[in-house]
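One is the number of the first residue; the rest follow in order along the sequence.
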Amino acid sequence: MRPYGGGFWDGVTAGLGPAHLACRCLLLETEAGLVLVDTGFGLDDAARPVPRLNRGFLLADRPHLEPDETAVSRLRRMGLDPRDVRHIVMTHLDFDHAGGLTDFPAATVHVSAREAAAARQRGTPRERARYRPAQLDHPMREYGAAGEPWFGLPTLRGLEGLPPSVFLVELPGHTAGHCGVAVGTGNGWVLHAGDTIFLHSELDTPPATPPLASAYASFMQVDREARLESRRRLAALARDHAQEVTILCTHDPVLPDGAGRRVIA
């Protein structure tokens, strides 16, 4: 996404021109086949931005809707068959995370029950803007039963057909059922934290968020207290378990490496 405002959005772009914001997904190779964590925008979003996406969002955030940058196209460029993506685990169902679901019609989609209910009901203007029915016409497996805590964080486990090392971590506030997705790698953990934070600098002490990113996070939140508590818990995880857990988020244009530095991705 390329909203005007430069570093006031992403913390790195000079001046007030277009910022550079990612829509980051993960591809996992598991014993159950290929697994995606989130899908970003999809081919249909690029072909028909309206009505699949909210007009206000298109004007304000200026998404760079290139077919070659979609998850399905990236897979093909890697020499992989998109039909081998057997499962998709969603942090939440916002339009910039769920647009590619229609590119993987045979995949089983896993999501928290609270998030699926909010997307069905679309009970507020904000929810009608963020949850786009054309993107979400896909059967979903929903999870609501609490699982064993993970580093003190509440979880939703037992994702059907997936290994037990992949599960949802409840981090609500941005949306009603927002979750992170934890992945055990055999050499530690990766947590895709979705939109719990906008930039990795929010995990610093004290947290640092560029003003436009902070305003956007506040505008999109459904529960401010829950969002800030989720961010606090994530910061504690980063502080206390940095050697065991690598935390990623969706929109930061740079990634943390294993030494805690940030690298362009």
Transitive ILVMFWY side-chain link Val50 to Leu65, under 4.5 Å
yes
Please name the pair of heavy atoms, one in [X] and one in [Y], separated by the smallest distance, quoted to 0.1 Å.
| X | Y | value |
| --- | --- | --- |
| Ala118 | Ala176 | CB-CB, 4.2 Å |
| Pro210 | Phe8 | CB-O, 3.0 Å |
| Pro154 | Arg233 | CD-NH1, 3.1 Å |
| Glu115 | Thr175 | OE1-OG1, 2.7 Å |
| Val111 | Ala116 | CG1-CB, 4.0 Å |
| Leu101 | Met90 | CD2-SD, 4.0 Å |

Working for side chain to side chain contact (heavy atoms under 4.5 Å, CB included), residues Asp61 and Tyr216:
CA-CA 10 Å; Asp61 284 8; Tyr216 187 78; 3.3 Å; yes
Side chains of [X] and [Y] in contact at under 4.5 Å (non-hydrogen atoms):
| X | Y | answer |
| --- | --- | --- |
| Arg141 | Thr108 | yes |
| Leu191 | His241 | no |
| Leu75 | Leu27 | yes |
| Thr250 | His192 | yes |
| Leu136 | Pro133 | no |
| Val169 | Phe151 | no |

Is the distance between the ring centroids of Trp9 and Tyr4 under 6.0 Å?
no
His251 ring center near His97 ring center (under 6.0 Å):
yes
Would Arg157 and Tyr143 count as a cation-pi pair here, with the cationic atom under 6.0 angstrom from the ring centre and within 45° of the axis?
no
[atom1] of [X] to [atom2] of [Y]: how many Å apart, nearest 0.5 Å?
| X | Y | atom1 | atom2 | value |
| --- | --- | --- | --- | --- |
| Leu255 | Thr246 | CG | OG1 | 10.0 Å |
| Glu148 | Thr155 | CD | OG1 | 7.0 Å |
| Leu162 | Arg86 | CG | CZ | 11.5 Å |
| Cys179 | His110 | SG | NE2 | 13.5 Å |
| Asp45 | Thr102 | CG | OG1 | 6.5 Å |
| Asp38 | Asp96 | CG | CG | 8.5 Å |

Measure from the side-chain N and O atoms of Arg227 to the backbone N and O of Gly173, and report whether any donor-acceptor pair falls under 3.5 Å.
no
Given the rule in the ring pair (Phe, Tyr, Trp, His ring centres under 6.0 Å) test, do Phe95 and Tyr131 qualify, once you have shown the distances and angles that lead to the verdict?
CA-CA 6 Å; Phe95 49 74; Tyr131 298 130; 9.3 Å; no
Applying side chain to side chain contact (heavy atoms under 4.5 Å, CB included) between Val245 and each of Val190, Leu237, Leu234, report the one that passes.
Leu237
After noting the C-alpha distance and the side-chain angles of Asp103 and Thr39, does the key distance pass the side chain to side chain contact (heavy atoms under 4.5 Å, CB included) rule?
CA-CA 9 Å; Asp103 294 331; Thr39 66; over 6 Å; no
Between Asp204 and Ser201, does any side-chain donor sit less than 3.5 Å from a side-chain acceptor?
no
Distance only, no hydrogens: is a donor on one side chain within 3.5 Å (strictly under) of an acceptor on the other, for Asp68 and Ser73?
no
Does a salt bridge link Glu229 with Arg232, judged by any charged N lying under 4.0 Å from a carboxylate O?
yes
Is Glu127 salt-bridged to Arg122, cutoff N-O under 4.0 Å?
no
Taking only residues two or more places apart in sequence, or in another chain, which ones meet Pro105 in a side chain to side chain contact (heavy atoms under 4.5 Å, CB included)?
none
Within the supplied structure, the quantity of interest is the number of heavy atoms (other residues, nucleotides, ligands) at a distance under 6.0 Å from Arg126 CZ; does it exceed 12?
yes
Taking atom CZ as the centre, does Arg55 end up with more than 12 heavy-atom neighbours from other residues, nucleotides or ligands that are less than 6.0 angstrom away?
no
Kindly determine whether Gln135 and Asp44 satisfy side-chain hydrogen bond (donor to acceptor under 3.5 Å, both in side chains), including the steps that lead there.
CA-CA 9 Å; Gln135 293 181 336; Asp44 288 342; over 6 Å; no
Paired with His174, the side chain to side chain donor-acceptor pair (under 3.5 Å) test is passed by just one of Asp94, Asp223, Thr196, namely Asp94
